[in-house]
Amino acid sequence: MLNAKKTIKTAGIMIVATLLAKLAGMGREVLFASLYGTGGQAAAFLTASRIPLLFFDITLGAAVSSSFIPVYNEYLENNQLTDAHRYANSFINLILLITGAMCALGILFSRPLASIIGNGLGDGEKELAAQLVVILFPTMIFTALAYALTGILQSHGEFNIPAAISLVSNGIMVVYLLVAGDAFGIHGVAFAMLIAWGFQILVQLPSLHKKGFRYALMLDLKSSGIKKTVRLALPILISSWVQPINSTVNIYLGSFLNEGQAVAALDYANKLYIIFVGVLTYAVSNLIFPSISRFAAGNNRAELAAVVAKAVKVVFAIILPVMTLFLLLRTPIVRFVYERGEFNAESTALTASALLFYSLGMAGFGVSEIANKAFYALKDGKTPMYIAMAGISVNIVLSFVFVRGLCVGLWGLALAASIAANLIAVALLLVLNKRLSLFHLHDACNVLKLIASALIMGVITYYSMGLCTFSNGLLGRLWAVVLPGCVGVAVYLFLIFLFRTDEAKDVMGLLQQKTKKVN
């Protein structure tokens with residue numbers, strides 16, 4: 001097993017770094033929302049920024065790291081460091097060629113892309129989105145390269161720098177928006193984002209040099225490592241299409257709702273949701289992936305199953321109370337985070353409505369991230385691919401049914417995404433449990449204890465909200481979030497210790513070990 005003390009320390013640093021990065025990202029969104037609200041420029045920018053991300057997710061996406069890390073770790077497991085570096089250089093140069101070609105195509109067809117994805121926007125917003133696409137498309141090159149470099153560092157045990165790269169890019173954006181504001185218009189924001197994403201690469205170079213990696217201009221497409229990666233990449237790519245396709249469908253259908261304001265409202269809500277869920281989920285999945293890849297390469301199924309099962313249970317235990325708080329405090333959260341400047345009460349209502357239904361998919365999102373990594377470590381990309389394809393189909397059908405058939409508005413898009421996310425998570429866990437025997441009757445009882453704790457927490461949190469004042473002042477808004485939030489978390493922690501859940505026992509065991517060492 002992984003060294004418990006070292007793992008917890010590394011996970012703690014990663015979570016803090018990820019949290020700071022997410023808070024900086026939240027600061028970026030708050031500043032952007034105060035400048036542009038949910039109006040036409042915001043819709044055009046958010047549509048344009050989604051297009052290069054969509055291209056990246058469809059052509060490379062999660063496969064950059066998820067197909068690279070298992071193969072790279074296989075070389076390391078066999079003490080073939082020179083071959084590992086040759087493979088890594090070939091892989092890097094291959095993705096640079098692919099992203100460069102996609103970037104050229106995206107810029108060439110910027111207007112048709114903006115018109116298709118933002119179909120319901122006005123002509124002016126479509127033209128603006130097309131101009132912004134030209135500026136933003138090179139971000140996909142920086143993103144792909146940053147993912148590859150992160151995979152190398154994580155495989156060599158360096159998790160802190162990769163966890164901090166988003167902090168750098170988000171920090172640059174926060175500084176720009178604070179200092180420049182709207183001085184250079186929405187085009188200036190796009191150029192600042194392009195520069196900020198480039199810094200995600202630069203901050204990793206010193207650590208890569210320290211680990212002994214040197215870049216070389218080489219491309220060996222016939223190497224066994226590249227062949228294995230290509231075979232693994234395609235199913236991983238398809239299985240990772242859930243989020244980008246869901247987001248694209250949301251933008252397309254949302255552009256027809258609320259005079260296009262639904263595009264920005266859905267994006268703001270989705271980012272709030274991802275920021276809080278991602279802090280833990282990405283930290284845990286990135287921490288365990290290199291290790292379970294090596295366990296799989298060494299055919300050590302017992303260790304692999306133990307690490308994956310623990311990760312799933314930890315993620316579920318922490319996401320449950322977060323989900324409960326988001327469901328109950330959605331309006332105070334959105335009001336505190338976003339409502340200022342051009343982001344008015346109407347914007348808050350739209351965003352809170354979307355956040356309510358996005359929150360229902362939090363547990364599914366978090367669990368799927370861990371389960372997918374387990375399949376990729378086993379070099380099985382086909383199973384999550386088939387499950388993801390089914391999930392995508394469910395999401396698309398439900399989105400059109402809710403919005404075009406039942407005419408329920410923008411919250412139908414968020415609900416469709418959450419239903420699909422939860423179905424995908426359940427299917428992944430059922431298959432994974434059949435292969436690795438991850439969970440037993442005891443685990444089911446533990447889940448029931450966690451759910452009961454979250455339900456009781458929700459009831460008490462709901463009544464504590466009556467003690468809050470929803471004034472327009474910053475302190476009043478903060479009070480409306482912090483007081484019931486703290487009450488809810490305290491109740492949840494008390495209950496999981498009272499019910500003696502596995503997670504509470506783990507914490508108590510670690511505290512007892514630390515106490516013995518002190519004595």
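- Counting only distance, with no hydrogens or angles, the side chain of Gln204 and the backbone of Thr150 share a donor-acceptor pair below 3.5 Å.
- Residues Leu356 and Trp411 fail the side-chain proximity criterion, which asks for heavy atoms closer than 4.5 Å.
- Looking at Asn422, its side chain does come within 3.5 Å of a backbone N or O of Leu360 through a donor-acceptor pair.
- Contact detail for Val337 and Val30: the closest heavy-atom pair is O-CG2, 2.9 Å.
- Taking every heavy atom of both residues into account, Leu128 and Ala44 meet most closely at CD2-CB, 3.8 Å.
- Rounded to the nearest 0.5 Å, atoms CE (Met323) and CG (Leu328) are 10.5 Å apart.
- Under the 3.5 Å distance criterion, the side-chain polar atoms of Thr99 are matched with a main-chain donor or acceptor of Leu96.
- Qualifying ring pair (Phe, Tyr, Trp, His ring centres under 6.0 Å) partners for Phe402, counting only residues two or more places apart in sequence or in other chains: none.
- The shortest side-chain heavy-atom distance between Ile92 and Ile152 falls under the 4.5 Å cut-off.
- Residues Tyr338 and Thr348 form no side-chain contact, since every pair of their non-hydrogen atoms from C-beta on lies 4.5 Å or further apart.
- The distance from the CG atom of Leu355 to the CG atom of Leu266 is 11.0 Å, given to the nearest 0.5 Å.
- Considering only heavy atoms from C-beta on, Ser166 comes within 4.5 Å of Gln200 through its side chain.
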Output, in order, the C-alpha distance, side-chain angles, deciding distance and verdict of side chain to side chain contact (heavy atoms under 4.5 Å, CB included) for Phe137 and Ile51.
CA-CA 8 Å; Phe137 235 106; Ile51 291 172; 3.8 Å; yes
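- Residues Leu325 and Ile333 have side chains not in contact (no heavy-atom distance under 4.5 Å, counting atoms from C-beta outward).
- Inspection of the Glu339 and Ser347 side chains reveals no N or O donor paired with an N or O acceptor under 3.5 Å.
- Of the possible donor and acceptor atoms, one in the side chain of Ser418 sits under 3.5 Å from a partner among the backbone N and O of Gly361.
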Start with the C-alpha distance between Phe199 and Ser169, add both sets of side-chain angles, then the distance that settles side chain to side chain contact (heavy atoms under 4.5 Å, CB included), and finish with yes or no. CA-CA 6 Å; Phe199 270 85; Ser169 57; 5.8 Å; no
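- Distance CE/Met102 to CD1/Ile107: 12.0 Å, rounded to 0.5 Å.
- Counting only distance, with no hydrogens or angles, the side chain of Asn395 and the backbone of Gly391 share no donor-acceptor pair below 3.5 Å.
- Minimum heavy-atom separation, Leu428 to Ala371: CB-CB, 3.9 Å.
- For the pair Pro484/Leu329, a side-chain contact is recorded, criterion being any heavy-atom separation below 4.5 Å from C-beta on.
- Using bins of under 30°, 30° to 60° and over 60° for the plane-to-plane angle, the ring pair Phe343/Tyr268 lands in the perpendicular bin.
- Between the side chains of Asn93 and Tyr215, at least one donor N or O sits under 3.5 Å from an acceptor N or O.
- Nearest heavy atom pair, residue Met457 against residue Gly488, reads CG-O, 3.2 Å.
- Separating the CD1 atom in Ile424 from the CD1 atom in Ile392 is a distance of 7.0 Å, to the nearest 0.5 Å.
- Under the 3.5 Å distance criterion, the side-chain polar atoms of Ser464 are matched with a main-chain donor or acceptor of Thr461.
- Atom OH of residue Tyr462 and atom CG of residue Leu327 lie 13.5 Å apart, to the nearest 0.5 angstrom.
- Side-chain contact between Leu415 and Leu398 is absent, with no heavy-atom pair separated by less than 4.5 Å.
- The ring pair (Phe, Tyr, Trp, His ring centres under 6.0 Å) test applied to Phe45 returns Phe32, not counting sequence neighbours.
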Next on the checklist: Under the criterion side chain to side chain contact (heavy atoms under 4.5 Å, CB included), I'd like the reasoning laid out for Leu194 against Phe142: C-alpha separation, chi angles, the key distance, then a yes or no.
Outcome noted: CA-CA 9 Å; Leu194 179 63; Phe142 299 148; 3.7 Å; yes
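- Note that OG1 of Thr47 and CG of Leu113 are 12.0 Å apart. Values are rounded to the nearest 0.5 Å.
- Listed here is the closest heavy atom pair of Leu350 and Ala265: CB-CB, 3.8 Å.
- Between the Ser155 side chain and the Gly151 main chain, a donor and an acceptor come within less than 3.5 Å of each other.
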* Given the rule in the side chain to side chain contact (heavy atoms under 4.5 Å, CB included) test, do Gln41 and Glu125 qualify, once you have shown the distances and angles that lead to the verdict? -> CA-CA 7 Å; Gln41 288 193 85; Glu125 284 78 15; over 6 Å; no
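- Listed here is the closest heavy atom pair of Ala317 and Pro321: O-CD, 3.1 Å.
- Side-chain contact between Val403 and Leu413 is present, with heavy atoms from C-beta onward closer than 4.5 Å.
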Anything under 3.5 Å between a donor and an acceptor, one on a side chain of residues 174-190, the other on a protein residue two or more places apart or in another chain? List them.
{"residue": "Tyr176", "atom": "OH", "partner": "Gly188", "partner atom": "O", "Å": "3.4"}
{"residue": "Asp182", "atom": "OD1", "partner": "Tyr36", "partner atom": "OH", "Å": "2.4"}
{"residue": "His187", "atom": "NE2", "partner": "Gln131", "partner atom": "OE1", "Å": "2.8"}

